[in-house]
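Lettering follows sequence order; numbering is per chain, from 1.
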Amino acid sequence: MSIFKIHNTLGNKKEEFIPIDKDHIRIYACGPTVYNYAHIGNARMAVVCDLLVRFMRSIYPKVTYVSNITDIDDKIINASLETNTPIKELTAKYEKVYNQDMGELGVLKPDIQPRATDHIKEMISLIDQLIKQNNAYVSDNHVLFNVSSYKNYGLLSGRNKEDQIAGSRVEVADYKNNSGDFVLWKPSSEDQPGWDSPWGKGRPGWHIECSAMSEKTLSLPFDIHGGGLDLTFPHHENEIAQSCAAHKFDDPQDYAKYWIHNGFVTMDGEKMSKSLGNIFLVNDLLKKYPGETLRLSLISSHYRQPLNWNSKIIEQAQKNLDRIYRILKDNENISIDENIHVPDNVVDALSDDLNTSKAMFEINLIADKLSKSNNKNKSALKGELVSSGKILGLFQQSPSEWLKYGKTNNNIDSNFIEELILKRNKAREVKNFQEADKIRDELTNINIEIEDTIDGTIWRSKN
RNA sequence: GGCCCGGUGUCAGAGUGGUUAUGUAGAGGACUGCAAAUCCCCGUACGGCGGUUCGAUUCCGUCCCGGGCCUCCA
């Protein structure tokens with residue numbers, strides 16, 4: 001078995017993955033704040049983590065993947081006010097939409113998907129402990145974490161406070177002792193959601209939820225912590241500080257051993273983000289493209305590289321999938337050799353910090369071999385192709401369904417199409433090609449593509 | 001100001017100190033009445049400038065360009 005190498009943000013280098021407990025791998029990833037539709041950048045994180053989990057499951061007997069739902073946050077409060085929707089209704093809606101959309105992208109649901117609001121008690125007790133240990137202080141109804149009380153603060157993001165101050169844009173709130181201190185608990189007014197606490201009615205700060213939930217669901221330390229690149233600082237840095245301080249750990253790896261961060265999806269080279277407004281919503285994209293196409297687009301480049309999102313990469317992914325599904329269709333009646341596992345070349349590629357582009361290269365080679373092979377090894381090759389696809393979350397559909405052979409996209413009656421094809425073939429028999437081509441144009445206009453094969457004319461809906 | 005990441009053929013995108021993936025687009029050919037699909041085949045790319053080397057896209061230096069984090073963000 002090849003060694004899995006993973007780029008660890010902590011230390012900023014690729015290293016060998018050594019599990020804490022090889023019988024049980026534990027992974028946590030920061031999930032969405034549910035106040036709006038997820039954009040394709042949010043989806044990248046979900047797809048990358050899903051891929052990691054699928055790959056880990058192919059190596060280790062047991063993997064627990066936890067990804068939270070943040071359902072209390074000021075953005076949610078604002079969205080609730082703006083849309084005049086009760087918070088519970090709003091968060092329930094977008095949590096559901098998120099899971100549906102990610103499901104369409106082939107993202108398996110996390111084993112545990114804890115909600116922040118279900119863990120207020122744990123957060124309060126963690127904060128309480130931090131105060132007792134002088135890692136946190138109460139100021140003006142807020143509870144703040146004292147950054148200078150954790151000596152390894154900044155290790156993850158590779159920055160130190162002194163260097164930051166000069167050009168920093170941080171406005172220091174007057175209740176903070178030091179500029180880097182961050183909120184653990186903040187007061188809520190009457191009309192804001194809040195929970196009783198030793199520090200009055202209030203709500204948690206952003207970072208504390210992940211510390212509370214990861215510890216509760218996975219226990220410490222766990223193997224891999226993931227999220228988008230922009231969470232490195234401050235979110236993950238603060239998470240480490242809180243959890244390590246609370247447990248008197250010096251080493252961040254006593255909290256989580258490996259930290260992975262996916263790069264951004266960009267638009268014209270610029271980061272896609274809700275605040276910039278240059279976003280593509282997954283929900284909208286799914287109306288135009290199959291989820292699997294979007295998934296392949298998202299993993300077509302290495303997860304740490306920026307991914308510039310445009311219609312061209314989607315088309316290219318679609319074409320690549322069409323090609324492979326065509327080969328699978330040509331081999332529809334070949335039974336899969338059940339003894340076949342994912343080929344070494346594919347495993348090796350993924351073992352190299354999830355090199356999906358390289359894995360796709362290997363997969364294309366297998367597909368090519370399958371399409372050109374004689375009967376002897378078709379079963380093995382098909383097994384290799386399908387099992388490789390399974391790790392990537394691809395090629396698990398029926399090829400005919402995918403290629404839409406005999407299926408209409410719109411509400412055109414398939415009998416109507418069959419009639420036109422019959423008419424065309426009659427015209428061809430008497431060599432009336434002008435008439436035949438006219439009928440074909442008619443079909444093209446309604447997005448139907450025809451192929452004349454040895455076994456007759458077949459048709460499919462083009463995307 | 002501090003820290004970080006990129007710049008590869010039409011596009012996407014790995015990778016490597018010398019044999020120069022793969023997908024996509026395009027040229028040419030086979031097949032087809034014509035297409036579609038398929039097959040064959042072609043283009044020889046690595047930001048600029050120096051250096052190390054027999055040899056660098058790959059290592060080093062430097063410069064240019066783009067992006068990110070330091071504030072909510074995947």
Minimum-distance nucleotide to [X] side chain [options: [options]]:
| X | options | result |
| --- | --- | --- |
| A:N355 | B:rG15, B:rC34, B:rC70 | B:rG15 |
| A:S300 | B:rG15, B:rA12, B:rA14 | B:rA12 |
| A:F233 | B:rC34, B:rC70, B:rG68 | B:rC70 |
| A:R326 | B:rU38, B:rC11, B:rC34 | B:rU38 |

With respect to A:D353, which candidate in A:K5, A:R304, A:K358 satisfies the salt bridge (Lys or Arg N to Asp or Glu O under 4.0 Å) definition?
A:R304
Quick check on RNA chain B: between A:E449 and A:N12, whose nearest nucleotide comes earlier from the 5' end?
A:N12
Residue whose nearest RNA chain B nucleotide is more 5′ - A:D73 or A:N308:
A:N308
Can you tell me how far [atom1] in [N] sits from the matching atom in [M], rounded to whole Å?
| N | M | atom1 | result |
| --- | --- | --- | --- |
| B:rC42 | B:rG23 | P | 14 Å |
| B:rG18 | B:rG1 | C1' | 44 Å |
| B:rU22 | B:rU52 | P | 35 Å |
| B:rU20 | B:rG15 | C1' | 10 Å |
| B:rC65 | B:rC49 | C1' | 15 Å |
| B:rG7 | B:rG47 | C1' | 6 Å |
| B:rU24 | B:rU8 | C1' | 16 Å |
| B:rG9 | B:rA21 | C1' | 13 Å |

Nucleotide [N], atom [atom2] - distance to [atom1] of [X] in whole Å:
| X | N | atom1 | atom2 | answer |
| --- | --- | --- | --- | --- |
| A:I363 | B:rA14 | CD1 | P | 15 Å |
| A:E451 | B:rA36 | CD | P | 10 Å |
| A:I439 | B:rA36 | CD1 | P | 19 Å |
| A:R304 | B:rC5 | CZ | C1' | 9 Å |
| A:E442 | B:rA36 | CD | P | 20 Å |
| A:K404 | B:rA36 | NZ | C1' | 17 Å |
| A:Y153 | B:rC3 | OH | C1' | 14 Å |
| A:L307 | B:rG68 | CG | P | 15 Å |

What is the base-pairing partner of [N], counting Watson-Crick and G-U wobble geometry with both distances under 3.5 Å?
| N | value |
| --- | --- |
| B:rA14 | none |
| B:rC49 | B:rG61 |
| B:rA25 | none |
| B:rG1 | B:rC70 |

Ring pair (Phe, Tyr, Trp, His ring centres under 6.0 Å) partners of A:Y98, counting only residues at least two apart
none
Tell me every residue that passes ring pair (Phe, Tyr, Trp, His ring centres under 6.0 Å) with A:H235, counting only those two or more places apart in sequence or in another chain.
A:W206, A:H207
Counting the atoms with a prime plus P, OP1 and OP2 as sugar-phosphate, which does [X] contact under 4.0 Å by heavy atoms, base, sugar-phosphate, or nothing?
| X | result |
| --- | --- |
| A:G269 | sugar-phosphate |
| A:K372 | sugar-phosphate |
| A:S301 | sugar-phosphate |
| A:I313 | sugar-phosphate |

For a quick check, tell me whether the side chain of A:R440 and the base of B:rC34 share a donor-acceptor pair closer than 3.5 Å.
yes
Going by side-chain hydrogen bond (donor to acceptor under 3.5 Å, both in side chains), name the pairs with one or both residues in residues 271-280 of chain A, residues two or more places apart or in two chains.
A:D230-A:K271, A:S273-A:S275
Would you say a side-chain N or O of A:K312 is under 4.0 Å from OP1 or OP2 of B:rG13?
no
Residues forming a salt bridge (charged side-chain N to carboxylate O under 4.0 Å, His left out) with [X], sequence neighbours excluded:
| X | value |
| --- | --- |
| A:D330 | none |
| A:E435 | none |
| A:K14 | A:D352 |
| A:E104 | none |

Would you mind checking if [Y] and [X] are paired as a salt bridge, meaning a charged N to carboxylate O distance below 4.0 Å?
| X | Y | result |
| --- | --- | --- |
| A:K369 | A:E384 | no |
| A:K329 | A:E332 | yes |
| A:E451 | A:R326 | yes |
| A:K438 | A:D441 | no |
| A:D322 | A:K319 | no |

For A:S214, what residues pass the side-chain hydrogen bond (donor to acceptor under 3.5 Å, both in side chains) criterion, not counting sequence neighbours?
A:Y255
Of the residues in residues 257-268 of chain A, which ones touch RNA chain B at a heavy-atom distance under 4.0 Å?
A:N262, A:G263, A:F264, A:V265
Name every residue in residues 45-54 of chain A that has at least one heavy atom under 4.0 Å from any atom of RNA chain B, in order of residue number, or write none if there are no such residues.
none
Do you see a donor-acceptor pair shorter than 3.5 Å between the side chains of A:D71 and A:T117?
yes
A:Y28 versus A:N68, side-chain donor and acceptor atoms under 3.5 Å:
yes
Going through the checks in order, is the side chain to side chain contact (heavy atoms under 4.5 Å, CB included) test met by A:D101 and A:L281?
CA-CA 10 Å; A:D101 286 352; A:L281 300 179; over 6 Å; no
Using a cut-off of under 3.5 Å, enumerate the N/O to N/O pairs linking the protein to nucleotides 21-25 of chain B.
| unit_1 | atom_1 | unit_2 | atom_2 | d |
| --- | --- | --- | --- | --- |
| B:rU22 | O2' | A:N364 | ND2 | 3.0 |
| B:rG23 | O2' | A:N320 | OD1 | 3.4 |
| B:rG23 | N2 | A:Q316 | OE1 | 2.8 |
| B:rA25 | OP1 | A:K319 | NZ | 3.0 |

Per-nucleotide protein contact string for nucleotides 42-47 of chain B (B base, S sugar-phosphate only, - none; heavy atom under 4.0 Å):
------
